[in-house]
Amino acid sequence: MFSIDLSRHVVAITGGSSGIGLATARLFLQSGAAVAICARDPDRLNAAAQELREQFPVARLHAYCADVTDAQQVRDFAASTQEAFGGLDTLVNNAGQGRVSTFADTSDAAWREEFELKLFSLIHPTRAFMPMLERSQAPAIVCVGSLLALQPEPHMVATSTARAGAQSLMHSMAVEFAPKGIRVNAILIGLVESGQWRRRFAARDDKALSWEQWTQALAQRKGIRLGRLGRPEEAAQAILFLGTALSSYTTGAAIDVSGGLARHL
Ligand code: NDP
């Protein structure tokens, strides 16, 4: 099994109570890092923290209830992380969810909500944790983005548009922060098994279909070359690479984690 010693490393992960964020917390804890996670729902957050503490009894874990669209809550998350661990090396901007809607059925309010979530989920944590990153010896920001940024889908028009903006923002931050030595990169997700897909599975038309049958048919319909959805752990591995010195000469880049869903060169 791959292993790396991150015992002097501190990581903050937004949206750490489920799916990709939770798998990322697990992978960093397994590597010895101190991990701070946030999410909105206190019950799910506490359940995730308890699960992680059971799996890693000596874990240095900090769980804090915060909505990334609320600047003050994010500042409080950063301050409490500073108090818990004394600094930060890696920020993982992961919190979010997709919106299924076409141009015809996306209201102005929905457009605004989507832009707010996709852009401020990067802006607020990056701003709040910046002083801590500036003091780190190996600072990095990893943004969990979507392949929709480069390959938009008409049935997710607002998410695709907002994701393209987030990708542009990631690149601008990489350029602006490079003189400070802060690297900024992204992973571009295709379809990864997680809370979002579990919720869509629960709302499926044909209730006779099992999770395996439903996801396999979905992968085939979407044209995913590897024939299956990704696992949260697979996204977490790419995040760990971009979030640590393993990728010390990489900034402003995006790693595709889509199983071959991308059609462009
Ligand atoms: P999950 O639904 O499993 O997890 C999302 C996490 O983010 C939860 O911890 C959730 O907790 C938290 N979250 C959502 N909104 C907020 C918010 N406003 N403030 C703080 N926390 C929030 O989803 P995934 O693991 O699949 O998604 C992770 C990221 O990957 C998201 O940004 C998603 O859009 C992106 N992505 C995922 C894809 C996939 O196929 N899975 C495809 C493309 C992109 P709570 O609700 O309690 O706040």
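For ligands, and for the atoms within them, numbers begin at 1 and follow the listed sequence. Residue numbers run from 1 in the order of the sequence given. Quick note: numbers below take in every heavy atom, side chains included, and nothing from hydrogens, waters or symmetry partners.
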* Does one side chain, of N46 or Q50, offer a donor that lies under 3.5 Å from an acceptor on the other? -> no
* Structure fact -> Quick note on ligand 1: atoms under 4.0 Å from a heavy atom of W197 include exactly 39 (C), 40 (O), 41 (N)
* How close does the nearest protein non-hydrogen atom get to atom 3 (O) of ligand 1, and which residue and atom is it? -> S18 OG, 2.5 Å
* Asked: Which residue supplies the protein heavy atom nearest to atom 8 (C) of ligand 1, what is that atom called, and how far is it?
  -> S17 OG, 3.7 Å
* To do: Would you check whether L191 has a nitrogen or oxygen atom less than 3.5 angstrom from a nitrogen or oxygen atom of ligand 1?
  => no
* Asked: Looking at atom 14 (C) of ligand 1, what's its closest protein heavy atom, distance included?
  -> R40 NH2, 3.4 Å
* Asked: Is a side-chain donor or acceptor of T159 paired with a backbone partner of G98 at a separation under 3.5 angstrom?
  -> no
* Asked: When you measure from the side chain of R163 to the backbone N and O of L188, does any donor-acceptor pair fall under 3.5 Å?
  -> no
* For S146, take its heavy atoms, then give the atoms of ligand 1 lying under 4.0 Å from any of them. => 43 (C), 44 (C)
* Just wondering, more than 12 heavy atoms not from Q73 lying within 6.0 Å of its CD? -> yes
* **Under-4.0 Å heavy-atom contact with ligand 1, by part of H124 that carries it** => neither
* Quick one: is the NZ or CZ of R198 closer than 6.0 Å to the six-membered ring centre of W211, and within 45° of its axis? -> yes
* To do: Please check if any side-chain donor atom of S18 sits under 3.5 Å from a side-chain acceptor atom of R44, or the reverse.
  => no
* Before signing off on this row, confirm whether N94 and ligand 1 have an N or O atom pair separated by under 3.5 Å. => yes
* To do: Looking only at protein heavy atoms, identify the closest one to atom 33 (C) of ligand 1 and say how far it is in Å.
  => Q196 NE2, 3.0 Å
* By number and element, which atoms of ligand 1 are closer than 4.0 Å to a non-hydrogen atom of A66? -> 19 (N), 20 (C)
* Between the side chain of S247 and the main-chain N/O of L242, is any donor-acceptor distance below 3.5 Å? -> yes
* For atom 47 (O) of ligand 1, grab the closest protein heavy atom and report residue, atom and distance to one decimal in Å. => D41 N, 2.9 Å
* Structure fact -> Nearest non-hydrogen protein atom to atom 2 (O) of ligand 1, with distance, is R199 NH2, 3.3 Å
* **Contact with ligand 1 for E193, non-hydrogen, under 4.0 angstrom** => no
* Look at R228 together with E193 and state whether they make a salt bridge at an N to O cut-off of under 4.0 Å. => no
* Asked: Is a donor on one side and an acceptor on the other found under 3.5 Å between the side chain of N94 and the backbone of I20?
  -> no
* N or O contact, D67 vs ligand 1, cut-off under 3.5 Å -> yes
* Atoms in ligand 1 with a heavy atom of V144 nearer than 4.0 Å -> 29 (C), 30 (O)
* Please determine if I20 has a nitrogen or oxygen closer than 3.5 Å to a nitrogen or oxygen of ligand 1. => yes
* To do: Return yes or no for this condition: an N or O of K118 is under 3.5 Å from an N or O of ligand 1.
  => no
* To do: Report yes or no: does T126 contribute a side-chain atom to a donor-acceptor pair with the main-chain N or O of I123 at less than 3.5 Å?
  => no
* Structure fact -> among protein heavy atoms, the one nearest atom 7 (O) of ligand 1 is G15 CA, 3.3 Å
* Asked: So, R204 side chain and F201 main chain: donor-acceptor pair closer than 3.5 Å or not?
  -> yes
* Structure fact -> A student comparing G230, G96, G19 should find that the heavy atom closest to atom 5 (C) of ligand 1 comes from G96
* Structure fact -> Rounded to the nearest 0.5 Å, the CG atom of L261 sits from the NZ atom of K222 at a distance of 8.0 Å
* Given that the side chain starts at C-beta and the backbone is N, CA, C, O, which of these parts of A235 lies under 4.0 Å from ligand 1, counting heavy atoms, or is it both or neither? -> neither
* Check whether any N or O atom of V192, backbone or side chain, sits under 3.5 Å from an N or O atom of ligand 1, and answer yes or no. => yes
* Under 30°, 30 to 60°, or over 60°: which ring-plane class applies to H9 and F28, parallel, tilted or perpendicular? -> parallel
* Asked: Looking only at non-hydrogen atoms, which of A95, S194, A149 approaches atom 13 (N) of ligand 1 most closely?
  -> A95
* To do: Inspect the contact between E114 and K118 and indicate whether a charged nitrogen and a carboxylate oxygen are less than 4.0 angstrom apart.
  => yes
* What residue and heavy atom of the protein are closest to atom 42 (C) of ligand 1, and at what distance? -> G190 O, 3.2 Å
* Report the part of Q97 (side chain from C-beta onward, or backbone N, CA, C, O) that has a heavy atom under 4.0 Å from ligand 1; answer both or neither where that applies. => backbone
* **Which of the ligand 1 atoms, numbered from 1, are nearer than 4.0 Å to a heavy atom of R44** => 45 (P), 46 (O), 47 (O)
* Asked: Can you find an N or O of G145 that's nearer than 3.5 Å to an N or O of ligand 1?
  -> no
* Is a side-chain donor or acceptor of D89 paired with a backbone partner of P139 at a separation under 3.5 angstrom? -> no
